Amino acid sequence: MMPIGVLALIIAVAGVVLYQYIIYPVLFSQMRHIPNAHWSAPFSRLWILHIRFTRQENKILLDAHRRLGPLIRVGPNELSINDIDGVRTVYQGGFDKPAWYSVFDNYDVPCMFSVRTAAEHSARKRLISNVYSKSYIQSSASASAQGRAILFEKLLPLVEESTAVTQEPHGIDIYSVFMAATMDFITAYIFGLRNGTDFLCSKGYRDHFLELYKARNDYGIFDQEMPLLTKLCRKLGIPLCPKWVDAANKELGKWCLQLCDATTNTSRADQDFSGDPADQPVVWSALTAGLQKEQKVQGPASVLYPTALSNFDLSVASELFDHVLAGQETAGIVLSYLSWRLSQASDLQAELRAELLGLTPNMYMGSKSEQPSLPDPKQLGSLPLLHAVVMETLRLHAPIPGAQPRQTPDEGCQIGPYSIPGSVRIAALAYTLHRDETVFPKPDKWDHTRWLPSISAGEVSGEEIRQRHRQFWAFSSGGRMCVGSNFAMHEMKLITAAIYSNYTSHIVDDVGVMNQSDGYTGRPEHERLFLRFERVV
Ligand code: HEM
Ligand SMILES: *[C@@H]1O[C@H](CO)[C@@H](O)[C@H](O)[C@H]1NC(C)=O
Ligand SMILES: *[C@@H]1O[C@H](CO)[C@@H](O)[C@H](O)[C@H]1NC(C)=O
Ligand SMILES: *[C@@H]1O[C@H](CO)[C@@H](O)[C@H](O)[C@H]1NC(C)=O
Ligand SMILES: CC(=O)N[C@H]1CO[C@H](CO)[C@@H](O)[C@@H]1O
């Protein structure tokens with residue numbers, strides 16, 4: 001016989017559970033009228049966690065949005081949004097980031113990308129946004145000198161060398177080369193050319209780095225999605241991630257501290273960084289100068305205090321580590337998909353080359369004696385065909401295709417006909433926005449003409465193109481959109497122009513290798529792409 005008290009307790013607990021998890025979500029929650037992506041979504045996170053961990057989230061949410069409309073419930077306290085007005089409410093509205101982004105704190109110090117509140121974010125962004133603006137990059141003598149050195153002394157010689165390869169597989173793993181080029185570009189701009197990396201010329205270290213980097217990419221999801229459980233398991237000594245992940249993260253952290261140290265040491269010895277524009281650490285200088293000023297003027301009154309100001313060196317390193325990682329892989333992925341697409345379209349390559357040769361000066365290196373030149377950045381930036389092929393690649397192969405979570409403000413918000421309570425996780429994703437059939441007909445097709453203003457065949461009107469730009473979300477939108485988008489666009493166009501002014505490319509081996517992974521970031525699953533390059537004669 002069970003004592004009556006225990007029975008009552010059991011009934012009471014069952015009642016509370018029933019109310020909390022069944023009755024309230026179905027009958028009373030403000031979100032009960034929002035379509036459910038899965039029947040279990042109002043009661044449990046199991047479904048969304050399952051598709052997230054098995055890497056099918058983007059695909060399944062696309063299907064759900066097509067069936068159920070632009071706002072869907074994916075968990076008890078989690079929504080997905082897929083129309084541009086809703087996106088504006090959330091992302092232009094400056095909603096805070098949830099703790100999900102804390103895994104992007106480096107050295108336990110937040111950076112611009114990982115801080116949660118809008119106030120802290122803008123205090124950081126103020127320090128560095130100028131050096132990433134389009135006009136700054138386009139007129140920067142440092143960016144130009146660095147680009148020249150990396151392209152003409154490192155990247156093009158590698159491509160040239162590969163044209164002579166005669167054994168199988170013919171050609172070169174261009175994925176690995178692009179990953180190296182984008183790393184050398186971003187670290188040169190941040191730390192100066194000679195204190196940046198030299199991944200292009202050191203394949204051994206580059207491969208080692210890319211191996212380590214998998215730790216960050218593939219295992220952060222435990223801390224992001226199940227922080228309490230993950231912490232508990234770590235305490236109990238049953239880690240959910242393999243041991244090498246922590247070691248890899250440590251090594252990467254140390255690696256970036258060394259880059260920062262080298263620049264700090266150089267600045268102590270030679271304030272002018274040898275006077276060579278290529279050696280100027282543009283981002284490092286802006287960030288350290290900004291933080292020093294903040295320290296003097298504001299001290300403990302600053303919003304950056306105590307995390308950023310009390311630990312100066314780690315704050316600098318945390319911020320720059322994020323730029324290095326955010327800036328490398330993303331642009332490397334786009335360049336790989338772009339060269340893969342071009343390699344399947346020799347006519348398009350010819351058309352693109354014709355456009356590139358119209359640059360004055362252009363990047364054609366007809367005779368060895370001539371000093372190769374960089375094109376005028378403004379001219380390069382406004383070539384319509386080059387722009388179209390880059391945009392279409394960013395659309396179909398967005399390097400960050402997955403959900404970018406935000407949190408509704410305490411007072412809640414209105415999305416379309418629905419009023420949403422506070423502290424709800426809500427996210428849009430480029431993967432689904434970029435496959436909206438009403439804006440991008442035949443969305444699975446790579447078709448650069450979507451971005452060309454004067455296409456007779458497709459009768460693309462100005463309004464349609466404007467709508468496509470509004471729907472374009474590869475760099476996110478609002479106050480927390482990608483701060484490096486201008487840098488990335490410039491760098492990707494420059495690299496593409498340098499190669500395709502002078503070479504044609506051809507597929508060697510791509511059977512399935514360019515399948516793109518599903519998740520927050522999307523990489524070619526096999527992380528390689530062999531192409532054969534031929535000199536244009
Ligand atoms: C094709 C290349 C790139 C793509 C597609 C891309 C995409 C994005 C996206 C989607 C976000 C927002 C993510 C979120 O809120 O969850 C973001 C943020 C960011 N990106 Fe990029 N990115 C690229 C290149 C770069 C480069 C070259 C840098 C170099 C500095 C960079 C630095 C950053 C930083 C610092 C943030 C955080 C901005 C903030 O919170 O204010 N990215 N990027
Ligand atoms: C850093 O760059 C300076 C030139 O600005 C160079 O003299 C120095 O050797 C570099 N340091 C390292 C560790 O590469
Ligand atoms: C920077 O200088 C310190 C102190 O002189 C030295 O211990 C350290 O190895 C240097 N770091 C780099 C990367 O040059
Ligand atoms: C690429 O994806 C397709 C479709 O999902 C699949 O059938 C194929 O097996 C994948 N190929 C490779 C090499 O992973
Ligand atoms: C047409 C042509 O072959 N142009 C040049 C491409 O670049 C190489 C050097 O990297 C030159 O040797 C070629 O003449």
Side-chain angles (χ1 to χ4, degrees), residues 90-91 95 97-98 100-101 104 110-116 118 120-122 124-126 128-129 131-132 137 182-183 185-198 254-284 287 318-335 337-338 390-391 393-395 397-406 427-430 433 472-493 520-522:
V90 174
Y91 293 87
F95 287 18
K97 284 186 167 180
W100 190 88
Y101 283 91
F104 300 107
C111 58
M112 179 172 72
F113 178 56
S114 69
V115 284
R116 299 180 60 178
E120 261 193 283
H121 173 259
S122 55
R124 283 182 167 71
K125 187 167 176 175
R126 249 200 333 267
I128 48 109
S129 58
V131 294
Y132 283 120
I137 292 165
T182 51
M183 180 59 93
F185 260 90
I186 189 64
T187 55
Y189 197 57
I190 293 174
F191 299 110
L193 185 66
R194 272 188 285 166
N195 292 160
T197 57
D198 190 8
K254 243 173 136 176
W255 169 83
C256 183
L257 276 179
Q258 265 171 14
L259 287 172
C260 293
D261 256 11
T263 307
T264 307
N265 285 0
T266 309
S267 112
R268 284 193 186 124
D270 171 11
Q271 292 265 316
D272 194 30
F273 290 91
S274 76
D276 184 342
D279 283 331
Q280 301 304 310
V282 175
V283 184
W284 181 92
L287 179 63
S318 172
E319 188 61 46
L320 298 180
F321 194 15
D322 182 64
H323 296 202
V324 167
L325 298 181
Q328 182 225 1
E329 189 193 32
T330 46
I333 290 170
V334 177
L335 286 165
Y337 278 106
L338 178 53
V390 172
M391 288 294 282
T393 308
L394 281 163
R395 180 192 72 83
H397 302 292
I400 303 188
Q404 299 172 24
R406 299 293 184 267
L429 54 170
L433 287 166
F472 177 77
W473 215 58
F475 294 113
S476 190
S477 58
R480 305 199 69 155
M481 85 172 259
C482 180
V483 80
S485 63
N486 296 303
F487 186 88
M489 285 304 270
H490 176 66
E491 154 197 52
M492 294 186 301
K493 286 179 175 180
Y520 179 71
T521 52

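These numbers were taken from a predicted model, which means no experiment stands behind them. The figures that follow rest on heavy atoms only: side chains count, while hydrogens, waters and symmetry mates do not. Both ligands and their constituent atoms are indexed starting at 1 by order of listing.
The nearest protein atom to atom 13 (C) of ligand 2, hydrogens excluded, is given as A262 CB, 3.9 Å; this is a heavy-atom distance. Shortest contact from atom 37 (C) of ligand 1 to any protein heavy atom: F113 CD1, 3.4 Å. The nearest heavy-atom contact from the protein to atom 23 (C) of ligand 1 is T330 OG1, 3.4 Å. Closest to atom 21 (Fe) of ligand 1, if we only count protein heavy atoms, is C482 SG, 2.2 Å. Among protein heavy atoms, atom 26 (C) of ligand 1 sits closest to G327 CA, 3.3 Å. In this structure, the protein non-hydrogen atom closest to atom 9 (C) of ligand 1 is I400 CD1, 3.8 Å. Of the protein's heavy atoms, F475 CE2, 3.4 Å lies nearest to atom 4 (C) of ligand 1.
When atom types are taken as modelled, the side chain of Y91 and the backbone of A428 share a donor-acceptor pair closer than 3.5 angstrom. In terms of modelled atom types and a separation under 3.5 Å, the side chain of Y189 and the main chain of V131 share a donor-acceptor contact. Using a distance-only test at 3.5 Å, with no hydrogens or angles considered, no donor-acceptor pair links the side chain of E120 to the main chain of M112. When atom types are taken as modelled, the side chain of K97 and the backbone of Q404 share no donor-acceptor pair closer than 3.5 angstrom. Looking at S114, its side chain never comes within 3.5 Å of a backbone N or O of P110 through a donor-acceptor pair.
Each of the atoms 30 (C) of ligand 1 lies under 4.0 Å from some heavy atom of Y132. Counting the atoms of ligand 1 from 1 in the order shown, those under 4.0 Å from a heavy atom of M481 are 38 (C). In the vicinity of K97, heavy-atom distances shorter than 4.0 Å reach the ligand 1 atoms 15 (O), 40 (O). Annotation for ligand 1: atoms under 4.0 Å from non-hydrogen atoms of D322 are 35 (C). Using a 4.0 Å cut-off to heavy atoms of N265, the atoms of ligand 3 that qualify are 1 (C), 2 (O), 3 (C), 8 (C), 10 (C), 11 (N), 12 (C), 14 (O). Counting atoms of ligand 1 from 1 in the listed order, those under 4.0 Å from a heavy atom of P399 are 5 (C). Contact atoms of ligand 1 toward S476: 10 (C), 12 (C) (distance under 4.0 Å to a heavy atom of the residue). Atoms of ligand 1 found under 4.0 Å from any heavy atom of V483, numbered from 1 in the order shown, are 34 (C), 35 (C). Residue Q258 has at least one heavy-atom neighbour below 4.0 Å for each of these atoms of ligand 3: 13 (C).
When all heavy atoms of R194 and S274 are compared, the closest pair comes out as NH2-OG, 3.4 Å. Between C111 and F104, the shortest heavy-atom distance links the atoms SG-O, 3.5 Å. Nearest heavy-atom pair across Q328 and T182 is O-OG1, 3.0 Å. When all heavy atoms of L335 and M492 are compared, the pair lying nearest together is CD2-O, 3.7 Å. Minimum interatomic distance between F487 and I186 (heavy atoms only, all atoms of both residues): CE2-CD1, 3.7 Å. Heavy-atom minimum distance, H121 versus V115: CA-CG2, 3.6 Å.
In this structure, CD1 in I137 is found 11.5 Å from CE in M489, a value given to the nearest 0.5 Å. T393 OG1 to I333 CD1: the interatomic distance, rounded to the nearest 0.5 Å, is 12.5 Å. For the atom pair F113 CZ and E319 CD, the distance stands at 11.0 Å (nearest 0.5 Å). In this structure, the separation between CG on D270 and CG on N265 is 12.5 Å, given to the nearest 0.5 Å.
Taking a 4.0 Å cut-off on heavy atoms, W473 fails to register as neighbouring ligand 1.
The side chain of I186, and not its backbone, has at least one atom closer than 4.0 Å to an atom of ligand 1 (non-hydrogen atoms only; side chain from C-beta on).
Nearest-residue assignment for atom 7 (C) of ligand 1 (options P401, A474, A326, S114; heavy-atom criterion): A474.
Among the atoms of Y520, some N or O lies under 3.5 angstrom from an N or O of ligand 1. For N195, a nitrogen or oxygen atom sits less than 3.5 Å from a nitrogen or oxygen atom of ligand 2, counting backbone and side chain alike. The distance criterion of under 3.5 Å between nitrogen or oxygen atoms is met by Y101 with respect to ligand 1. Inclusion of H121 in the set of residues having an N or O under 3.5 Å from an N or O of ligand 1 is warranted. For a threshold of 3.5 Å applied to N or O pairs, the pair formed by R406 and ligand 1 contains at least one separation below that value.
Shown here, atom 11 (N) of ligand 3 is in close reach of the protein: a heavy atom of it lies under 4.0 Å off. The nearest protein heavy atom to atom 7 (O) of ligand 3 is not closer than 4.0 Å. Under the 4.0 angstrom criterion, atom 4 (C) of ligand 3 counts as lacking any protein heavy-atom contact.
Results of the side-chain contact (heavy atoms from CB on, under 4.5 Å) test with F191 over T197, V282, L320 single out L320 as the only residue that passes.
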